[in-house]
Amino acid sequence: MVKPSLGNVMLRRSVRDFAQVLREALHAHQADDLDGAERLYREVLALRAAQPDAMHYLGVLCHQRGRSDEGVERIRAALKITPRHPDAHNNLGNIHKECGRPAEAEACYRRALECAPEHHNALGNLAVVLEVQERLDDAFDAYGALLRQAPEDARGHYLMGLFLRNHAEHMEHLEQSAECFRRAFELDRRNLRALEALGVALYALKRHDEARQVYRDWLSREPDNPVPRHMLAACGGAKAPPRAGDAYVRELFDGFADSFDEQLLKNLDYRAPQILTAALDAVLGTPAAALDVLDAGCGTGLCAPLVRPHARRLVGVDLSGGMVEKARIRGGYDVLEVAELTGYLQAHGDAFDVVLSADTLVYFGELQEALTAAHAALRPGGWVAFTLEAMDGDADRAELTPSGRYRHTRRYVERALAAAGFSHLHLAADNLRREAGQPVAGWVVLARRTAPLPTCPRGESA
């Protein structure tokens with residue numbers, strides 16, 4: 001989403017008070033003071049009802065606050081007044097993209113480019129939604145056009161690297177993706193996601209020493225940054241922690257929030273929410289909106305519409321505030337909270353009938369504490385449902401992988417659930433997503449907190 005920029009604002013009115021209020025609104029919006037910005041935009045529109053910049057950026061703000069339909073209408077109204085405003089077309093496309101309407105988003109980005117052919121942001125966004133629609137040749141052409149038009153644009157190199165990695169058919173594509181990530185970081189030293197992606201790509205290419213050196217160099221520059229510390233351990237350069245640290249998870253997903261859905265759900269064929277909720281449907285039966293459900297590690301809320309028919313009350317909790325805000329925009333939850341998963345479960349004993357967790361426990365190597373907390377948070381007869389990345393073999397073990405996630409053997413999962421007090425175990429193998437062009441094997445796991453046997457009256461036998 002393009003933030004307000006004073007350089008893009010058409011202050012053609014001569015009324016000094018009106019211009020000053022608009023400037024204050026834009027500054028508040030840039031500072032993420034959404035309450036103040038909304039109040040000031042509305043004040044501008046009270047002074048000038050058809051002021052297009054206030055209408056446009058109030059539309060952006062409405063989307064940020066979960067009122068996307070209102071945001072669309074306000075930007076459309078602004079475009080009726082200034083129909084050749086490329087930033088407004090681009091931001092309207094962004095709303096459609098983030099609401100899962102890629103065809104509408106594509107049309108908006110194309111209009112932005114008609115108005116301003118050198119609008120690199122719109123061209124990059126166009127490439128993304130073409131990829132989302134699986135028009136891979138068109139997407140590749142658009143990414144290539146972006147790099148030709150803006151060879152010094154770090155975002156363009158990063159996006160091309162992701163495209164090549166996501167759809168790699170042979171090692172040459174991974175080599176090219178690594179070079180894109182390297183170039184993206186050279187052009188923008190703040191783009192730490194490119195540096196992390198470079199390390200993962202190098203490890204996938206079996207250039208293990210180079211991958212570890214990327215993270216060591218990064219850690220030497222930023223010794224307090226949890227991302228290179230975790231990823232160095234993931235590549236075998238340090239002792240693996242029992243679970244990913246809170247700071248790492250928060251940093252990772254706050255930075256990933258804006259592109260999470262399009263990268264995972266569309267580009268990586270991410271299926272964990274659908275597979276998990278389908279398995280849950282099989283044991284819960286016909287939805288009756290009668291259960292208290294916790295979406296533990298809710299992310300952007302992909303599970304909400306799938307599990308909502310079962311829920312009397314649906315609670316979402318996630319460590320990443322950025323992800324929770326995206327879930328708030330998507331809607332479907334009665335309560336959303338930013339909190340660490342295990343601590344939240346421990347604080348809510350006997351509160352839920354279902355605890356589900358799609359691709360969250362992949363950041364836990366040791367599962368025991370989290371599963372024990374889930375058992376305590378469930379009412380008797382309640383179900384826990386979660387996905388994990390699968391590890392082959394008969395051993396009882398888990399390991400941290402170069403992706404930064406953990407994988408577990410079947411025996412480990414069975415033992416951890418039994419130790420936590422669960423029974424009625426259902427464990428099935430399935431593919432959860434693609435990575436570097438290959439399927440990622442996983443476990444879909446359900447287990448039940450057994451209801452206690454009824455107490456017999458004194459003097460009677462069961």
Side-chain angles (χ1 to χ4, degrees), residues 240-246 248-249 272-273 275-277 279-280 282-284 291-299 303 307 310 314-319 337 339-391 393-401 404-430 432 441-452:
R243 54 155 290 190
D246 290 352
Y248 167 76
V249 173
I275 296 169
L276 184 61
T277 53
L280 197 54
V283 298
L284 294 180
L291 303 176
D292 293 328
V293 179
L294 175 66
D295 187 354
C298 63
C303 285
V307 76
H310 291 287
L314 179 57
V315 178
V317 61
D318 200 282
L319 189 57
E337 296 195 37
E340 191 277 322
L341 171 60
T342 304
Y344 186 89
L345 290 166
Q346 291 170 338
H348 292 78
D350 292 317
F352 300 102
D353 303 297
V354 175
V355 172
L356 79 154
S357 186
D359 267 17
T360 298
L361 295 184
V362 295
Y363 292 97
F364 289 67
E366 296 290 340
L367 298 177
Q368 192 65 65
E369 185 180 12
L371 292 179
T372 300
H375 187 276
L378 285 166
R379 298 178 182 126
W383 288 91
V384 65
F386 56 93
T387 58
L388 295 169
E389 293 191 8
M391 183 177 178
D394 297 327
D396 179 349
R397 63 186 296 255
E399 69 175 16
L400 179 60
T401 72
R405 303 184 298 271
Y406 296 81
R407 58 181 183 174
H408 302 77
T409 63
R410 176 187 289 267
R411 182 180 292 185
Y412 181 102
V413 179
E414 292 172 341
R415 191 257 306 161
L417 284 165
F422 286 102
S423 63
H424 298 82
L425 170 64
H426 301 256
L427 191 152
D430 211 324
L432 304 178
W443 304 124
V444 181
V445 186
L446 279 77
R448 196 172 196 182
R449 176 178 174 177
T450 305

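- Applying the ring-ring contact (aromatic ring centres under 6.0 Å, His included) criterion to His426, with sequence neighbours excluded, gives Trp383.
- With contacts defined as side-chain heavy-atom distances shorter than 4.5 Å, the pair Leu345/Leu294 qualifies.
- Residue Tyr406 is tested with Leu400, Leu361, Val362 for a side chain to side chain contact (heavy atoms under 4.5 Å, CB included); the sole match is Leu400.
- Using a 4.5 Å cut-off on side-chain heavy atoms (C-beta onward), Leu341 and Tyr363 make no contact.
- Looking only at side-chain heavy atoms (C-beta outward), His375 and Val384 stay at 4.5 Å or farther from each other.
- Put simply, the residue from Arg407, Arg405, His408 that forms a side chain to side chain donor-acceptor pair (under 3.5 Å) with Glu389 is Arg405.
- Applying the side chain to side chain contact (heavy atoms under 4.5 Å, CB included) test between Arg410 and each of Leu388, Asp396, Leu427 identifies Leu427 as the sole match.
- Ala351 approaches Asp292 most closely through the heavy-atom pair O-CB, 3.8 Å.
- Annotation for Gln368 and Tyr412: closest pair N-OH, 4.5 Å, computed over non-hydrogen atoms.
- In this structure, Val445 and Leu425 have side chains that are in contact, with non-hydrogen atoms separated by less than 4.5 Å.
- Among all heavy-atom pairs drawn from Phe352 and Val355, the shortest one is CB-CG2, 4.2 Å.
- Put simply, the side chain of Arg448 gets close to the backbone of Gly381: a donor and an acceptor are under 3.5 Å apart.
- Between Asp353 and Val293, every side-chain heavy-atom pair lies at or beyond the 4.5 Å cut-off.
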